[in-house]
Amino acid sequence: MRVVTTEPSILTSALQSRIAKEIAAAGGWLPFDRFMELALYVPGLGYYANETAKFGAMPESGSDFVTAPEISPIFGQLVAAQLREALQKTDTREIWEFGAGTGALALQILDELAAQGALPERYTIVDLSGTLRARQKLALAKYEHLLRWVDALPETMEGVIIGNEVLDAMPVQLLQRTQGRWFERGVSLKGDEFTWEDRPTELRPPVEIDGPHDFLTEIHRQGEAFIHTLGERLTRGAAFFIDYGFGESEYYHVQRHMGTLVCHYQHQVDSDPLVQVGLKDITAHVNFTGTAVAAQDAGFEVLGYTNQAYFLINCGLGPKMDAAGLKARSMASKLVMEHEMGELFKVIALSKGAEPWTPLGFVQGDRTHRL
């Protein structure tokens, strides 16, 4: 068993020491994607690998952010409708969830499918965090006979994949244009503190950035490599990814000149990942055009792309709201309101090895043409 550190000052100093050693071993500079990977995933110390609270509706719980399943169980119930259809269309019998968090989404999906008499033969959770796995096993105890956990993908797989707020947590590289020259932004040490250091690079964003002004942005090589790996391993099935992000033209728009990288700590948002390392989440918005191109390169069909509001409405939000009480309706409305999660969050649907179809969640409001 690995020792998991929970005391904040010990946790941050231990993780900082671990990262500082790697910076020194690398010659004094780490590209940001490697720093982000260490900050989030070092066993026992990284944000997703330690036992600090992460998911919750209020900061009083010690949590840092809330995801859709914690806002309303209606979210998982509607996702279940889409997954049920996808299992039928692809003639597969297994659901794969990546990054299952507290297990709330899995529980909502399985409860809804159980009520419909449509449980899959198996529900597999892919999660690198041992501490989160423990929470998931407690939350999902009644479905123990269906569940398995893995931390690596098999060489071949079939089934329907769901990933809610997974792609945004994949490490990104930072590119900074200063006075017309492009640099890769990385992390070095100044005394005992992390500091930014830019180095000249041949890397570029996937589109030209208009204007001469300075510009900071991200590229998503690891996220796109993940999609490639899924395409290599998945022989038959579908995949649905739900996350905050944009198509390429919006992502690299001149108005987004400070990039999208943000941190979450106690339900506050900041843009400095170099402090409180291991205690706060680090994320970047998703470039869904890059995701779609990577998917097509890997043999997927892109079945649809829309915002979360359209997706949930298409999956049957109206009847669910009609049957819910006032408080439940109020919470569920946050999932679709434009100034909450309805517009910023997008959903992309992919398939492989099966006849393409228009999935339930994309029958109205599809935006694939805008990728």
Side-chain angles (χ1 to χ4, degrees), residues 33 37 40-41 43 48-49 79-80 82-101 103 105-106 109-110 113 119-130 132-133 136 140 146-172 219-243 245 286-305 346-357 359 361 368 371:
D33 59 333
E37 183 177 353
L40 295 180
Y41 301 113
Y48 284 110
V79 170
Q82 178 61 88
L83 299 185
R84 181 182 183 183
E85 181 201 47
L87 288 167
Q88 294 169 343
K89 293 289 187 179
T90 61
D91 191 25
T92 57
R93 296 166 179 81
E94 183 171 4
I95 294 174
W96 297 74
E97 184 179 357
F98 284 77
L105 178 57
I109 290 169
L110 290 169
L113 294 179
L119 282 170
E121 289 183 4
R122 186 158 63 182
Y123 195 106
T124 298
I125 293 176
V126 185
D127 207 313
L128 300 178
S129 171
L132 288 176
R133 279 195 198 190
Q136 293 156 15
L140 298 165
L146 293 179
L147 286 159
R148 68 167 175 165
W149 280 261
V150 299
D151 54 14
L153 295 180
E155 289 302 312
T156 60
M157 54 190 286
E158 287 190 350
V160 177
I161 294 165
I162 179 67
N164 182 56
E165 295 199 46
V166 169
L167 298 177
D168 68 86
M170 295 196 174
V172 295
I219 56 175
H220 299 255
R221 287 185 166 185
Q222 289 200 37
E224 290 162 13
F226 165 71
I227 298 294
H228 271 282
T229 300
L230 286 183
E232 292 169 358
R233 307 291 177 88
L234 188 72
T235 57
R236 184 178 185 85
F240 299 86
F241 291 101
I242 307 170
D243 226 313
V286 177
N287 170 13
F288 278 101
T289 302
T291 301
V293 170
Q296 290 178 324
D297 288 347
F300 282 110
E301 293 276 351
V302 177
L303 300 180
Y305 168 69
K346 310 298 193 306
V347 190
I348 192 167
L350 314 171
S351 75
K352 189 160 183 273
E355 190 69 25
W357 82 102
T368 305
L371 284 169

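It should be emphasised that the depicted structure is a prediction, and the values quoted were computed from it without experimental measurement.
Not counting sequence neighbours, the partners of F288 by the ring pair (Phe, Tyr, Trp, His ring centres under 6.0 Å) test are Y305. For E232, there are no side chain to side chain contact (heavy atoms under 4.5 Å, CB included) partners two or more places apart in sequence or in a different chain. Scored by the side chain to side chain contact (heavy atoms under 4.5 Å, CB included) test, E301 finds L303, S351, P356 as partners (sequence neighbours excluded). Legend: residues meeting side chain to side chain donor-acceptor pair (under 3.5 Å) with E165, ordered by chain and number and at least two apart, are absent. The ring pair (Phe, Tyr, Trp, His ring centres under 6.0 Å) test applied to F98 returns F226, not counting sequence neighbours.
With no hydrogens or angles considered, no side-chain donor-acceptor pair links Q88 and E85 at under 3.5 Å.
In this structure, the separation between CD1 on I242 and CG on L167 is 10.5 Å, given to the nearest 0.5 Å. Note that the CG atom of L153 and the CH2 atom of W96 stand 6.5 Å from one another [nearest 0.5 Å]. Remark: I161 CD1 to L230 CG distance equals 4.5 Å, nearest 0.5 Å. Atom-to-atom distance recorded for L83:CG and T90:OG1 is 10.0 Å, nearest 0.5 angstrom. We find the CD1-CG distance between I109 and N164 to be 9.0 Å, quoted to the nearest 0.5 Å. For the atom pair CG of D168 and CG of D243, the computed distance is 4.0 Å after rounding to the nearest 0.5 Å.
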_I'd like to know whether L87 forms a side-chain contact (heavy atoms from CB on, under 4.5 Å) with R84, so could you lay out the CA-CA distance, the side-chain angles of the two residues, the decisive distance to 0.1 Å, and finally the verdict._
CA-CA 5 Å; L87 288 167; R84 181 182 183 183; 5.5 Å; no
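In this structure a side-chain-to-backbone donor-acceptor pair under 3.5 Å is present from R133 to D127. In terms of modelled atom types and a separation under 3.5 Å, the side chain of K352 and the main chain of G299 share no donor-acceptor contact. Side-chain atoms of D297 never come within 3.5 Å of backbone atoms of H228 as a donor-acceptor pair (strictly under, hydrogens ignored).
Nearest heavy-atom pair across A100 and I125 is CB-CG2, 3.6 Å. Contact record, G290 with E224: CA-OE2, 3.6 Å, taken as the closest heavy-atom pair. For the residue pair L146 and E121, the shortest heavy atom distance occurs at CD2-O, 3.5 Å. In terms of heavy atoms, L371 sits closest to T289 at C-OG1, 3.2 Å. What you find for A238 and W357 is that their closest heavy atoms are CB-CH2, 4.1 Å. Of all non-hydrogen atoms in R93 and P120, the two that sit nearest each other are O-CB, 3.5 Å.
Counting only heavy atoms from C-beta outward, the side chains of V286 and I348 never approach each other to under 4.5 Å.
In this structure, K89 does not pair ionically with D91, as no charged nitrogen and carboxylate oxygen lie closer than 4.0 Å.
Each side chain to side chain donor-acceptor pair (under 3.5 Å) pair with one or both residues in residues 146-159, not counting sequence neighbours, appears once here: E94-R148, T124-R148, Q136-W149.
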